[in-house]
Trainee: 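Just passing along the structure, written as structure tokens.
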Amino acid sequence: MTLQQLLGIDLPIIQAPMAGSQGSALAVAVSNAGGLGSLPCAMLSIDAMRDELATIKKQTDKPHNVNFFCHQTPTPSAEREAAWRAALAPYYKEFGIDGNSIPAGPGRAAFSAEAADVLAEFKPAVVSFHFGLPSAELMARVRAWGAKILSSATTIEEAIWLEAHGVDAVIAQGLEAGGHRGIFCSEDLTTQVGTFALLPQIFERVKVPVIAAGGIANAKGVAAAMALGAAGVQIGTAYLLCPEALTSAVHRAALKSNAAAHTALTNVFSGRPARGIINRVMKELGPICAAAPAFPLATAAIAPLRAKAESQGSGDFSPLWCGQNARGCKEIPAAQLTRELVANL
Ligand SMILES: Cc1cc2nc3c(=O)[nH]c(=O)nc-3n(C[C@H](O)[C@H](O)[C@H](O)COP(=O)(O)O)c2cc1C
């Protein structure tokens with residue numbers, strides 16, 4: 001069975017869910033163009049998620065994907081939080097921010113029973129996860145309406161684990177990918193390899209379809225991934241300049257500049273490694289900073305700096321998520337980009 005048959009789509013292109021950078025509009029545009037549009041929910045409240053799903057339902061009857069993070073919620077460490085705030089203190093001073101007034105708390109929500117309740121109202125055709133899979137009970141709830149389940153693997157071990165736990169397809173996320181690494185079997189970043197090293201190895205070891213992700217940004221890249229065994233391709237960065245994306249002004253400017261040629265994995269924005277364009281805070285505190293609290297607790301203390309800097313037109317404290325190939329970013333409608341991506345198949 002092809003990926004198109006499995007997911008009910010015309011083109012083997014999945015628009016990568018990109019929390020904080022897009023919502024229903026991008027998902028609708030890609031689904032209506034025959035690919036699989038995705039709605040990322042990691043940064044949406046339950047009510048916002050319901051509204052976005054209702055909007056999608058009104059605007060397309062094509063299959064779409066709804067995406068969640070499924071990390072374990074960490075126990076906050078007062079010591080680590082204090083170390084993190086101490087590291088950020090010079091910046092609070094520079095921007096006139098009272099560090100003591102900033103509440104701690106998680107910056108992103110994991111998939112939950114409440115989210116599953118809302119999903120059950122809408123019964124999306126596809127649900128994807130990042131950082132492994134939720135509990136067997138939550139998986140069963142998603143399966144109840146026949147949704148196909150996808151999740152990212154960054155190593156062969158993770159791909160085998162995901163297949164054993166019932167995914168319908170594995171997303172092989174290479175090191176080039178923008179945004180958070182889906183890594184969940186270990187914290188050892190030396191296990192992380194490029195897309196075209198990872199993809200054929202995963203393809204040899206699992207029976208479910210493998211979707212390639214990371215650094216693929218044009219029709220030749222899509223065709224090359226398919227030649228290496230991919231059943232489809234998940235593309236994020238290339239969609240970030242589309243008018244339907246919610247990419248911020250500072251993020252768009254960075255993607256269009258030479259800065260986009262310099263990316264690194266950093267934990268300073270969330271606590272987990274994610275690939276973004278190198279900016280001031282990544283250079284000065286990281287890109288990997290031991291003081292950053294566990295995911296997703298690092299976000300709260302840095303958020304006011306981001307807001308203040310952005311209000312002054314600066315992306316110095318913003319997560320400028322971007323893969324290693326920003327050359328495919330085009331300011332064209334997402335439907336047109338989707339069609340261009342399959343031109344060599
Ligand atoms: C701005 C941005 C935000 C992302 N947010 C998510 C997310 O919310 N959920 C998720 O599963 N993956 C997320 N990712 C990772 C993508 O699923 C995918 O692995 C990546 O975009 C593929 O590499 P590429 O960006 O080089 O195309 C994000 C990527 C980017 C660029």
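Note that the coordinates shown come from a computational prediction; the quantities given were computed from them, not determined experimentally. Note that ligands are numbered from 1 as they come in the structure, with each ligand's atoms numbered from 1 the same way.
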Trainee: Check each of V118, I56, L53 against V66 using the side-chain contact (heavy atoms from CB on, under 4.5 Å) test, and report the only one that passes.
Mentor: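 Among the candidates, only L53 passes.
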
Trainee: Give the contacting part of M18 toward ligand 1: side chain, backbone, both or neither, where contact means a heavy-atom distance below 4.0 Å.
Mentor: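 For M18, backbone and side-chain atoms both sit under 4.0 Å from ligand 1.
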
Trainee: Please list, chain by chain and in numerical order, all residues satisfying ring-ring contact (aromatic ring centres under 6.0 Å, His included) with H165, sequence neighbours excluded.
Mentor: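 Scan of H165 (ring-ring contact (aromatic ring centres under 6.0 Å, His included), adjacent residues dropped) gives W161.
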
Trainee: Can you sort out which atoms of ligand 1 are near P17, meaning under 4.0 Å from one of its heavy atoms?
Mentor: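 Contacts of ligand 1 toward P17, numbered from 1: 4 (C), 5 (N), 6 (C), 7 (C), 8 (O), 9 (N), 10 (C), 11 (O), 12 (N), 13 (C), 14 (N), 17 (O), 28 (C).
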
Trainee: Which of the numbered atoms in ligand 1 are under 4.0 angstrom from any heavy atom belonging to S21?
Mentor: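 Close to S21: 1 (C).
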
Trainee: Any idea which protein heavy atom is nearest atom 17 (O) of ligand 1, and the distance to it?
Mentor: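 The protein heavy atom lying closest is Q234 NE2, 3.0 Å.
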
Trainee: Are the side chains of R80 and L297 in touch, meaning some heavy atoms are under 4.5 Å apart?
Mentor: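 Heavy-atom side-chain distance check fails, nothing below 4.5 Å.
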
Trainee: Return the OG1 to CG distance between T266 and N279, rounded to the nearest 0.5 Å.
Mentor: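 If we round to the nearest 0.5 Å, T266:OG1 and N279:CG are 8.0 Å apart.
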
Trainee: For atom 15 (C) of ligand 1, state which one of A177, A16, G178 supplies the nearest heavy atom.
Mentor: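 Considering heavy atoms of A177, A16, G178, the nearest to atom 15 (C) of ligand 1 sits in G178.
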
Trainee: Can you tell me how far the CD1 atom of I302 sits from the CH2 atom of W84, to the nearest 0.5 Å?
Mentor: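 Going from CD1 on I302 over to CH2 on W84, the span is 4.5 Å.
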
Trainee: Under 4.0 Å from a heavy atom of T237: which atoms of ligand 1 are those, numbered in the order shown and with their elements?
Mentor: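 Listed by number with element: 24 (P), 25 (O), 26 (O), 27 (O), 31 (C).
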
Trainee: Test of understanding: given a 4.0 Å heavy-atom threshold, classify the contact between A19 and ligand 1 as side chain, backbone, both, or neither.
Mentor: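 Contact part for A19 vs ligand 1: both backbone and side chain.
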
Trainee: Around atom 21 (O) of ligand 1, find the nearest protein heavy atom and jot down its residue, atom name and distance.
Mentor: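 Here the nearest protein heavy atom works out to G236 CA, 3.4 Å.
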
Trainee: Touching ligand 1 at all, A42? Heavy atoms, strictly under 4.0 Å?
Mentor: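 A42: no contact with ligand 1 (<4.0 Å).
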
Trainee: Please set out all donor-acceptor pairs under 3.5 angstrom arising from side-chain atoms of residues 200-228, sequence neighbours excluded.
Mentor:
from : atom 1 : to   : atom 2 : distance (Å)
Q201 : NE2    : A197 : O      : 3.0
N218 : OD1    : K220 : N      : 3.3
N218 : OD1    : G221 : N      : 2.8

Trainee: Any ion pair linking E137 and R141 (charged N to carboxylate O, less than 4.0 Å)?
Mentor: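 No, no charged N to carboxylate O under 4.0 Å.
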
Trainee: For ligand 1, which part of N67 has a heavy atom less than 4.0 Å away: the side chain, the backbone, both, or neither?
Mentor: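 The answer is the side chain of N67.
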
Trainee: Numbering the atoms of ligand 1 from 1, which are under 4.0 Å from a heavy atom of G215?
Mentor: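 Reading through ligand 1 atom by atom, the close ones are 23 (O), 24 (P), 26 (O).
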
Trainee: Is the closest basic N to carboxylate O distance between R50 and D117 below 4.0 Å?
Mentor: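 Looking at R50 and D117, the cut-off is not met.
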
Trainee: Looking only at protein heavy atoms, which one is nearest to atom 19 (O) of ligand 1, and how far off is it?
Mentor: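 Result: Q173 NE2, 3.0 Å.
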
Trainee: Using a strict cut-off of 4.0 Å, indicate which atoms of ligand 1 neighbour a heavy atom of G214.
Mentor: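 Atoms satisfying the 4.0 Å criterion: 22 (C), 23 (O), 26 (O).
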
Trainee: Among all protein heavy atoms, pick out the one at the shortest distance from atom 1 (C) of ligand 1; state its residue, atom name and that distance to 0.1 Å.
Mentor: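 Going atom by atom, the protein heavy atom closest to atom 1 (C) of ligand 1 ends up being W321 CB, 3.4 Å.
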
Trainee: If we set the cut-off at 4.0 Å for heavy atoms, which region of F69 has an atom near ligand 1: side chain, backbone, both, or neither?
Mentor: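 Side chain only; the backbone of F69 stays clear of ligand 1.
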
Trainee: Nearest 0.5 Å, what's the OG1-CD distance between T195 and E176?
Mentor: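 T195 OG1 to E176 CD: 3.5 Å, rounded to 0.5 Å.
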
